[in-house]
Amino acid sequence: MAQWLFKTEPSEFSLEDLLAAPGRMTRWEGIRNYQARNYLRDAVRIGDPVFLYHSSCREPGIVGLMEVVRAGYPDPTCLDPESPYYDPRSTPERIRWYTVDVRLIARLSAPLPLRTLRQERALRGFQLLRRGNRLSIIPVTQTLWQHLMELTTLLPL
DNA sequence: GCCAACGTTGGC
DNA sequence: GCCAACGTTGGC
């Protein structure tokens with residue numbers, strides 16, 4: 001089992017959107033980066049826990065805990081010309097990008113802001129905190145995961 | 001809105 | 001295969 005952090009821009013898709021979704025589940029679609037694609041395709045497994053992170057917003061930070069309910073499969077939005085994630089280079093036989101399904105497990109009693117994470121010595125080396133980090137599917141080591149859990153209080157749904 | 005960092009594209 | 005140009009991400 002591995003642990004992950006998925007980024008989303010709340011103006012596109014937020015914790016609140018996930019709370020409102022049927023079964024509090026969603027397809028994590030629209031990932032268009034090869035490294036992230038490879039994680040989704042090869043490494044993210046059913047049952048893996050995932051922190052939900054809000055980026056490009058007033059207060060970037062971790063806001064929720066999800067779990068993977070379906071492992072990697074070709075992202076159908078690649079073939080949908082109406083979708084903002086449409087990929088003209090994909091074909092039904094060869095879809096370039098992958099997705100997984102996730103379900104919200106808990107929200108945090110309070111968001112865990114990026115600026116707090118930066119102050120934690122125990123989180124040094126966390127890929128999320130690296131300068132210029134742009135990866136939206138980030139693996140979290142067990143050690144980092146435990147440290148992060150110690151900084152949070154979960155509110156079960 | 002700015003801009004640093006990084007990924008992708010495409011000409012050669 | 002190199003690398004300049006360009007586009008995107010994302011914190012601030």
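Throughout, protein chains are lettered first and strands after them, A, B, ... in sequence-line order, and every chain is numbered starting at 1.
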Do Trp145(A) and Phe126(A) make the cut of ring centroids closer than 6.0 angstrom?
no
Does the side chain of Asp48(A) come under 3.5 Å of the side chain of Trp4(A) through a donor N or O and an acceptor N or O?
yes
Over-ring placement of Arg70(A) relative to Tyr73(A), 6.0 Å and 45° cut-offs:
yes
So what does Arg130(A) hit on the nucleic acid, given a heavy-atom distance under 4.0 Å: a base, only sugar-phosphate, or nothing?
nothing
Heavy-atom contacts under 4.0 Å between residues 27-41 of chain A and DNA chain B, which residues?
Asn33(A), Tyr34(A)
Side-chain donor-acceptor pair under 3.5 Å between Asp87(A) and Ser90(A), yes or no?
yes
Does a nitrogen or oxygen in the side chain of Lys7(A) sit under 4.0 Å from OP1 or OP2 of dT9(C)?
no
Please tell me if Tyr53(A) has a side-chain N or O lying less than 4.0 Å from either OP1 or OP2 of dG11(C).
yes
From CD of Glu9(A) across to C1' of dG10(C) the rounded distance in Å is 8 Å
Using whole Å, what does the distance between atom P of nucleotide dG10(C) and atom CG of Leu129(A) come to?
14 Å
What's the CG-C1' distance between Asp87(A) and dT9(B), to the nearest Å?
14 Å
Do Asp75(A) and Arg27(A) pass the salt bridge (charged side-chain N to carboxylate O under 4.0 Å, His left out) test, and can you show the C-alpha distance, the side-chain angles, and the key distance before you say yes or no?
CA-CA 9 Å; Asp75(A) 184 345; Arg27(A) 174 191 294 144; 5.3 Å; no
Which whole-number value in Å describes the distance from Leu5(A) CG to dT9(C) P?
17 Å
Would you say dC3(B) has OP1 or OP2 under 4.0 Å from some side-chain N or O of Arg131(A)?
no
Calculate the interatomic distance between Glu59(A) atom CD and dG10(C) atom P; express it in whole Å.
17 Å
What nucleotide among dG10(C), dG11(C), dT9(B) has an atom nearest to a side-chain atom of Arg118(A)?
dG11(C)
Quick one: list whatever passes ring-ring contact (aromatic ring centres under 6.0 Å, His included) with Tyr53(A), sequence neighbours left out.
none
